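Everything numeric here is computed off the predicted structure, so don't read it as measured data. Numbers restart at 1 for each chain; the letters A, B, ... are given by sequence-line order, proteins then strands.
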Protein chains: 2
Amino acid sequence: MAEVKSKYIALAPKTFEIADRLHSAAIHMLRRVRRQDALTGEGPARLSALSVLVFAGPRTLKELAAAEQVKPPTMSRIVAGLRRSRLVEIERDVRDARLMRIYATARGVRLIKRGRQRRIEYLAVHLNALTRGELAKLGAAAQILEKILHDSQ
Amino acid sequence: MAEVKSKYIALAPKTFEIADRLHSAAIHMLRRVRRQDALTGEGPARLSALSVLVFAGPRTLKELAAAEQVKPPTMSRIVAGLRRSRLVEIERDVRDARLMRIYATARGVRLIKRGRQRRIEYLAVHLNALTRGELAKLGAAAQILEKILHDSQ
DNA sequence: CCAAATTAGTTAGCATAGCTAACTATATTG
DNA sequence: CAATATAGTTAGCTATGCTAACTAATTTGG
């Protein structure tokens with residue numbers, strides 16, 4: 001791996017090295033796991049948006065766009081695709097007719113849960129080769145990352 | 001997070017839970033870090049392919065396609081884009097005129113190194129809030145993941 | 001109360017990124 | 001040397017990202 005120097009002189013080289021390795025490991029892990037998604041027959045943007053609806057509940061288009069960090073026109077087409085595949089349904093808000101209420105259908109929920117199952121199972125099968133201690137270390141790391149991600153917004 | 005059951009009864013629930021949390025943390029971490037890439041002015045497929053050329057050296061189109069897990073026609077266009085941006089150059093193999101030798105230009109190397117610097121620095125700044133012990137745990141986790149990814153091909 | 005401004009979402013049009021099928025050009029093989 | 005195999009490209013489809021410009025609905029200010 002290459003050297004990384006910084007303008008932030010307060011940061012220890014060790015911190016950079018760990019950031020680098022964590023970054024690389026995350027990229028390679030997700031690349032593997034993502035191969036499982038082909039079986040769903042839907043593209044990554046749709047799966048990701050649908051996943052928000054399944055695990056966080058119904059959302060408006062704008063909220064969904066914000067959650068997925070894309071612009072409204074992009075989300076508009078993603079939702080149209082999900083609707084064509086009967087994975088979501090849309091209702092107009094009674095209070096404010098400009099707002100959409102987008103929610104996952106039972107079919108959408110099933111698709112996401114199966115996809116998620118495949119991803120997690122794939123990972124778990126590989127983690128199964130580890131010792132108890134190693135597994136505990138991964139658990140600790142996940143917790144630390146969750147904390148950072150949560151704190152830093 | 002949702003329940004995940006498995007047909008692999010030999011896998012402990014704890015393993016699933018950790019796989020799940022690791023998966024989620026990796027997704028959110030990379031989503032953050034990726035925002036830095038907009039500054040390069042190149043798309044993700046180009047950055048990723050160029051990164052292979054910079055860190056692993058020149059490759060043929062087929063090799064690059066395999067490394068990026070895409071089909072040759074896809075890589076053909078990615079390389080064409082990189083070439084237009086003067087980030088790579090192409091030579092024909094002397095022994096076998098069918099083969100391309102694709103390599104990063106100095107400009108390509110600079111672009112990737114700066115982009116990488118931004119990503120790693122962003123992460124490192126956030127890791128900097130951690131204690132020595134927490135940092136060490138993340139380092140240990142990265143190492144364990146590298147091992148699994150390497151061993152399982 | 002209604003005109004102006006704001007907000008939610010869509011449409012149009014562009015670029016990138018993925019695919020398969022069908023092509024060209026070069027090497028290899030029988 | 002003809003047939004086959006291999007490397008890469010081209011054409012044409014879908015999906016996913018953007019901005020600019022639009023429609024429709026709501027809110028606000030005079």
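The distance between atom CZ of Arg92(A) and atom P of dT7(C), rounded to the nearest whole Å, is 18 Å. Arg34(B) places its CZ atom 15 Å from the P atom of dT16(D), with the value rounded to the nearest Å. Between the CD atom of Glu68(B) and the C1' atom of dC19(C) there is a distance of 16 Å, given to the nearest Å. Here the C1' atom of nucleotide dT6(D) and the CE atom of Met75(B) are 18 Å apart, to the nearest Å. One interatomic measurement links the two molecules: CD of Gln69(B) to P of dC19(C), which rounds to 10 Å at whole-angstrom precision. Rounded to an integer number of Å, the gap from CD1 of Ile78(A) to C1' of dT10(C) is 14 Å. The separation between Ile102(A) atom CD1 and dA8(C) atom C1' is 11 Å, rounded to whole Å. For Leu82(A) and dA15(D), the CG to P distance is 11 Å, given to the nearest whole Å.
Of the charged side-chain nitrogens involved, at least one lies within less than 4.0 Å of a carboxylate oxygen, so that Asp96(B) and Arg98(B) count as a salt-bridged pair. Ion pairing between Glu89(A) and Arg101(A) fails under the 4.0 Å rule for side-chain N and carboxylate O.
Met100(A) comes within 4.0 angstrom of the backbone, heavy atoms only, and of no base.
Counting only heavy atoms from C-beta on, Ala97(B) has its side chain closest to dT26(C) among dA24(D), dA15(D), dT26(C). Nearest to the side chain of Val70(B), among dT16(D), dG9(C), dC19(C), sits dC19(C). Comparing atom distances between the Lys62(B) side chain and each of dA17(C), dG8(D), dA24(D) picks out dG8(D) as nearest.
Comparing Val94(A) and Thr60(B) by the nucleotide of DNA chain D that holds the closest heavy atom to each, the one mapping nearer the 5' end is Thr60(B). Place Leu47(A) and Pro73(A) on DNA chain D by their nearest nucleotides, and Leu47(A) ends up nearer the 5' end. Summary of the strand contacts: Asp96(A) and Arg77(A) both lie near DNA chain C, and taking for each the nucleotide with the nearest heavy atom, the more 5' one is attributed to Asp96(A). When each of Arg84(B) and Pro72(B) is assigned the nucleotide of DNA chain C bearing its nearest heavy atom, the one mapping closer to the 5' terminus is Arg84(B).
A donor-acceptor pair under 3.5 Å is absent between the side-chain atoms of Arg83(B) and the main chain of Ile90(B), judged by distance alone.
Val109(A) and Ile102(A) fall within the same hydrophobic cluster, where Ile, Leu, Val, Met, Phe, Trp and Tyr residues are linked whenever their side-chain heavy atoms come under 4.5 Å apart, directly or through other members.
Remark: Lys71(B) is not in phosphate contact with dC19(C), judged by side-chain N or O atoms under 4.0 Å from OP1 or OP2. The side chain of Ser76(B) places an N or O atom within less than 4.0 Å of a non-bridging phosphate oxygen (OP1 or OP2) of dT9(D). The phosphate of dT16(D) (OP1 or OP2) has no side-chain N or O of Thr74(A) nearer than 4.0 angstrom.
At least one test fails for Arg35(B) against the ring of Tyr122(B): distance under 6.0 Å to the centre or angle within 45° of the axis.
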